[in-house]
S.K.: 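This is the structure I have questions about; it appears just below.
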Amino acid sequence: MEDVLESLHQPSSPQNPTTCPDNRIPYLVRKCIALLQNCASSKFKLKQIHAFSIRHGIPLTNLDMGKHLIYAAVSLSVPMNYAHNIFTNIQSPNVFTWNTMIRGYAESENPKPAIELYNHMELKPDTHTFPFLLKAVSKVVNVRAGEKIHSHVTKNGFESLLFVQNSLLHMYAACGRYESAYNIFEFMPEKDIVAWNSVINGFALNGKPNEALTLYKKMVSEGVEPDGFTMVSLLSACAELAALALGRRAYVYMVKVGLNTNLHSSNALLDLYAKCGTISEAHKIFDEMGTRRNAVSWTSLIVGLAVNGFGKEALDHFKEMEREELVPSEITFVGVLYACSHCGMVNEGFHYFRRMKEEYEIVPIMEHHGCMVDLLGRAGLVKEAYEYIQDMPLQPNAVIWRTLLGACTIHGHLGLGAFARAQLLHLEPKESGDYVLLSNLYASEQRWSDVHEVRRRMLNEGVRKTPGHSLVELGNQVHEFVMGDKTHPQSKAIYEMLVEIAKKLRLAGYVPQTANVLADIEEEEKESALFYHSEKIAIAFMLVNTLPGTPIRIIKNLRVCADCHLAIKLISKVFEREIVVRDCSRFHHFRDGYCSCKDYW
DNA sequence: TTAGGGTTAG
């Protein structure tokens with residue numbers, strides 16, 4: 001390539017390169033451009049052409065030359081400062097060049113300058129400008145900028161274009177405004193597969209999995225055929241609800257239409273199985289993927305193993321991932337450190353934390369520090385955890401202090417617990433979970449007047465306890481139960497089953513763990529309050545409705561309390577059922593009277 | 001020479 005370029009123009013002497021005579025520029029530029037058009041496959045060629053231009057004095061400020069260099073750089077994902085330098089030197093760039101710059105930033109790791117560029121755009125934007133720009137807005141999650149751009153779309157008369165509508169729809173969904181996204185969707189005269197996927201994903205992303213599933217069914221009933229993108233959204237909605245049966249049906253469909261070879265869909269499926277606690281199935285998908293696996297597949301499995309309590313296996317897979325020379329991401333390390341903290345592997349945790357920084361040059365994010373605080377705190381090194389927080393390069397957030405408070409509650413460290421609580425009160429004063437944690441800390445020390453004080457403050461501040469709820473899937477339906485739930489049509493049978501459970505557990509030696517109830521109410525009242533926790537109701541419901549030996553899977557929005565944990569261990573033994581509980585931070589696999597967390601959670 | 005949608009943590 002360089003030879004071709006060199007032959008176009010011979011400098012007068014190699015030691016003393018001359019600038020290109022003006023009359024040769026158009027010819028050289030044309031040749032360069034022809035070559036640039038074929039260069040979208042190699043950064044190396046781009047560099048050579050750039051060097052050639054400099055050597056022979058072809059000005060990069062020449063619009064024809066500059067815009068192609070920018071286009072090539074953006075297509076090759078060359079860091080944006082390269083394109084930016086050329087761009088700032090071009091005299092009067094055209095719309096294509098502005099668009100290419102906006103696109104480049106939108107696709108880069110730092111999309112914010114795309115919006116700033118648009119604000120300084122000296123030309124009228126065209127139909128290409130807005131999709132690029134909205135992509136940037138979606139990535140920086142700036143709904144106010146998005147709304148402003150929406151009004152510009154309208155002003156420019158582009159609102160009726162399908163592409164632009166889809167961009168707007170996606171922008172609102174990505175910014176958490178799933179209702180605005182749905183509004184756009186509803187009024188679209190023509191809805192293609194991208195529109196359906198975007199609106200379904202908007203719900204799946206924003207904690208509305210049921211709405212996502214409903215729309216999916218509507219899409220299928222209207223004869224629109226799902227593709228790989230649809231499957232990803234569907235499967236992630238299923239994962240949130242732990243709708244395993246539905247996810248399995250989706251897999252059957254994927255195999256039927258050949259989508260099981262789609263990398264993203266397979267990854268989403270793998271994640272679904274991991275999130276349902278069915279690690280063996282996750283493994284099966286992972287094995288089936290073979291060489292198609294990428295870093296996301298490995299990360300999903302590693303995180304899945306870690307949260308399911310298989311810390312050692314998670315680390316083994318990490319080592320294998322390294323052997324296969326896949327580059328772990330910061331999320332991979334969240335999984336690795338999580339595995340260490342939840343399995344009490346303190347030394348390993350520090351080992352991997354160091355390697356992450358030194359070998360992979362990953363700057364620790366808050367989540368990594370959270371794992372480290374948890375690693376120390378769980379292992380009973382509460383003071384060391386506090387010292388770690390003090391030495392952290394980042395300003396500790398509420399999650400960090402909550403982790404410390406949790407460790408203080410488990411290991412009974414009143415002084416530090418109260419201190420962590422004070423920080424939390426400052427950062428997130430209305431978080432009911434923190435009141436509960438503090439109250440549990442006092443209750444475990446029988447300091448009932450302090451427990452009372454916490455409760456009084458909660459009432460005064462108008463903080464309501466987040467109601468606990470549990471989800472179970474039966475047949476094709478997900479059932480939800482809240483504490484003391486009596487609204488279910490099968491309520492009578494459920495409560496009869498609860499009485500039977502109570503009877504059998506007593507015989508097995510069960511003593512209710514009442515210390516964690518948020519008040520010094522009478523013992524008997526406490527017992528009944530515990531017995532109506534949503535997870536126990538959900539278990540009773542499943543015992544009524546499933547055949548002996550069927551595993552029971554439960555998703556809980558809060559942490560499992562000590563009493564439920566003990567009771568479920570015994571239920572798994574007495575009723576001979578495998579019970580998997582996914583709480584807000586991890587999995588518990590109960591079997592034959594034991595839990596996979598080894599009572600360390 | 002330019003346009004829209006995807007998975008992993010929290």
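Chain naming here is simple, since letters A, B, ... match the order of the sequence lines and numbering starts at 1 in each.
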S.K.: After noting the C-alpha distance and the side-chain angles of A/N183 and A/S180, does the key distance pass the side-chain hydrogen bond (donor to acceptor under 3.5 Å, both in side chains) rule?
M.R.: CA-CA 5 Å; A/N183 253 340; A/S180 309; 5.7 Å; no

S.K.: Among residues 368-377 of chain A, which residues get a heavy atom nearer than 4.0 Å to DNA chain B?
M.R.: none

S.K.: Please evaluate residues A/F130 and A/N156 with respect to the criterion side chain to side chain contact (heavy atoms under 4.5 Å, CB included), reporting the C-alpha separation (whole Å), side-chain torsions for both, the decisive distance (0.1 Å), and the verdict.
M.R.: CA-CA 10 Å; A/F130 288 108; A/N156 282 282; 3.8 Å; yes

S.K.: Where does the angle between the aromatic ring planes of A/F87 and A/W98 fall among parallel (under 30°), tilted (30 to 60°) and perpendicular (over 60°)?
M.R.: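 If you compare the ring of A/F87 with that of A/W98, the planes turn out perpendicular.
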
S.K.: With A/W298 as reference, evaluate A/F318, A/F333, A/F286 under the ring pair (Phe, Tyr, Trp, His ring centres under 6.0 Å) test and give the passing residue.
M.R.: A/F286

S.K.: Would you mind reading off the distance between A/H68 atom NE2 and B/dT2 atom C1', rounded to a whole angstrom?
M.R.: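 So the NE2-C1' distance, A/H68 to B/dT2, works out to 11 Å.
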
S.K.: Which residues in residues 307-330 of chain A have a heavy atom closer than 4.0 Å to any atom of DNA chain B?
M.R.: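 Close to the strand, none.
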
S.K.: A/D227 has an atom CG; how far is it from atom P of B/dG6, in whole Å?
M.R.: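 Taking atom P of B/dG6 as the reference, CG of A/D227 is at 12 Å.
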
S.K.: List for me each residue that meets side chain to side chain contact (heavy atoms under 4.5 Å, CB included) alongside A/S233, sequence neighbours excluded, and say none if there are none.
M.R.: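 Residues passing side chain to side chain contact (heavy atoms under 4.5 Å, CB included) with A/S233: A/I200, A/N201.
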
S.K.: May I have the distance from A/L69 (atom CG) to B/dT1 (atom P), rounded to whole angstrom?
M.R.: 16 Å

S.K.: Return the set of residues passing side chain to side chain donor-acceptor pair (under 3.5 Å) with A/H351 (not counting sequence neighbours), or none when no residue passes.
M.R.: none

S.K.: Among B/dA9, B/dA3, B/dT7, which nucleotide has an atom closest to any side-chain atom of A/I331?
M.R.: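 The listed nucleotide nearest to A/I331's side chain is B/dA9.
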
S.K.: Could you identify which residues of residues 263-275 of chain A place a heavy atom less than 4.0 Å from some atom of DNA chain B, listed by residue number, or say none?
M.R.: A/H264, A/S265, A/N267, A/D271, A/K275

S.K.: Students often get this wrong, so: under 4.0 angstrom with heavy atoms, is A/T299 touching a base, only sugar-phosphate, or nothing?
M.R.: base

S.K.: When you measure from the side chain of A/D126, which nucleotide among B/dG6, B/dT1, B/dT2 comes out closest?
M.R.: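 It is B/dT2.
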
S.K.: Just how far, in rounded Å, is P of B/dG10 from CG of A/L394?
M.R.: 17 Å

S.K.: Salt bridge (charged side-chain N to carboxylate O under 4.0 Å, His left out) with A/K112: which residues, sequence neighbours excluded?
M.R.: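 Expected list: none.
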
S.K.: The side chain of A/E367 is closest to which nucleotide in this list: B/dT8, B/dG6, B/dG10?
M.R.: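 Nucleotide nearest to A/E367's side chain: B/dG10.
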
S.K.: Checking A/E109 now: which residues fulfil side chain to side chain contact (heavy atoms under 4.5 Å, CB included) with it, not counting sequence neighbours?
M.R.: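 A/E109 satisfies side chain to side chain contact (heavy atoms under 4.5 Å, CB included) with no residue once adjacent residues are dropped.
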
S.K.: Using a cut-off of 4.0 Å on non-hydrogen atoms, how would the nucleic acid contact of A/L205 be classed: base, sugar-phosphate, or nothing?
M.R.: sugar-phosphate

S.K.: May I ask you to check whether over 12 heavy atoms, not counting those of A/Q91, lie within 6.0 Å of atom CD?
M.R.: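 Counting other residues, nucleotides and ligands, CD of A/Q91 stays at 12 neighbours or fewer.
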
S.K.: Can you tell me how far P of B/dT2 sits from CZ of A/F130, to the nearest Å?
M.R.: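 Between P of B/dT2 and CZ of A/F130: 19 Å.
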
S.K.: To the nearest Å, give me how far apart NE2 (A/H342) and P (B/dG10) are.
M.R.: 9 Å

S.K.: Contact class for A/L169 vs. all strands (heavy atom < 4.0 Å): base, sugar-phosphate, or nothing?
M.R.: nothing

S.K.: Could you tell me the separation between the CD1 atom of A/I200 and the C1' atom of B/dG6, rounded to a whole number of Å?
M.R.: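 After rounding, the gap between these two atoms is 12 Å.
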
S.K.: Pull out every residue in residues 91-123 of chain A that has a heavy atom closer than 4.0 Å to any atom of DNA chain B, ordered by number, or say none.
M.R.: A/F96, A/N99

S.K.: Quick one: label A/V303 by what it contacts on the DNA or RNA (base, sugar-phosphate, nothing), any heavy atom closer than 4.0 Å.
M.R.: sugar-phosphate

S.K.: Look at the aromatic rings of A/F96 and A/Y71 and report parallel, tilted or perpendicular, splitting at 30° and 60°.
M.R.: tilted

S.K.: What pairs with A/E359 under salt bridge (charged side-chain N to carboxylate O under 4.0 Å, His left out), at least two apart in sequence or on another chain?
M.R.: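 Partners of A/E359 under the salt bridge (charged side-chain N to carboxylate O under 4.0 Å, His left out) test: A/R355.
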
S.K.: More than 12 heavy atoms of other residues, nucleotides or ligands under 6.0 Å from CD of A/Q395: yes or no?
M.R.: no

S.K.: Choosing from B/dT2, B/dT7, B/dT8, which nucleotide comes nearest the side chain of A/Y71?
M.R.: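 Looking only at side-chain atoms, A/Y71 lies closest to B/dT2.
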
S.K.: Could you tell me whether the phosphate oxygens of B/dT1, OP1 or OP2, come under 4.0 Å of any side-chain nitrogen or oxygen in A/H128?
M.R.: no

S.K.: Can you sort out the partners of A/D126 under side chain to side chain contact (heavy atoms under 4.5 Å, CB included), two or more places apart, ordered by chain and number?
M.R.: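 If we apply the side chain to side chain contact (heavy atoms under 4.5 Å, CB included) test to A/D126, skipping adjacent residues, the hits are A/V95, A/N99, A/H128, A/T129.
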
S.K.: Classify A/K135 by what it touches in the nucleic acid, base, sugar-phosphate, or nothing, heavy-atom distance under 4.0 Å.
M.R.: sugar-phosphate

S.K.: Classify the nucleic acid contact of A/D192 as base, sugar-phosphate or nothing, counting any heavy atom under 4.0 Å across all strands shown.
M.R.: base

S.K.: For A/R177, is there an ion pair with A/E147 - N to carboxylate O distance below 4.0 angstrom?
M.R.: yes

S.K.: Going by number, which of residues 232-261 of chain A have a non-hydrogen atom under 4.0 Å from DNA chain B?
M.R.: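 A/V232, in order of number.
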
S.K.: Taking atom types as modelled, is there a side-chain donor on A/T230 or A/D227 under 3.5 Å from an acceptor on the other?
M.R.: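 Note: A/T230 and A/D227 side chains meet the donor-acceptor criterion.
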
S.K.: If we count only N and O atoms by modelled type, under 3.5 Å, do the side chains of A/Y388 and A/H369 hold a donor and an acceptor together?
M.R.: yes

S.K.: Taking only residues two or more places apart in sequence or in another chain, which ones pass side chain to side chain donor-acceptor pair (under 3.5 Å) with A/H264?
M.R.: none

S.K.: Return the orientation label for the A/H84 and A/Y105 ring planes: parallel under 30°, perpendicular over 60°, tilted otherwise.
M.R.: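 Rings of A/H84 and A/Y105: perpendicular, over 60°.
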
S.K.: Over how many whole Å does the gap from A/F132 atom CZ to B/dT1 atom P extend?
M.R.: 15 Å

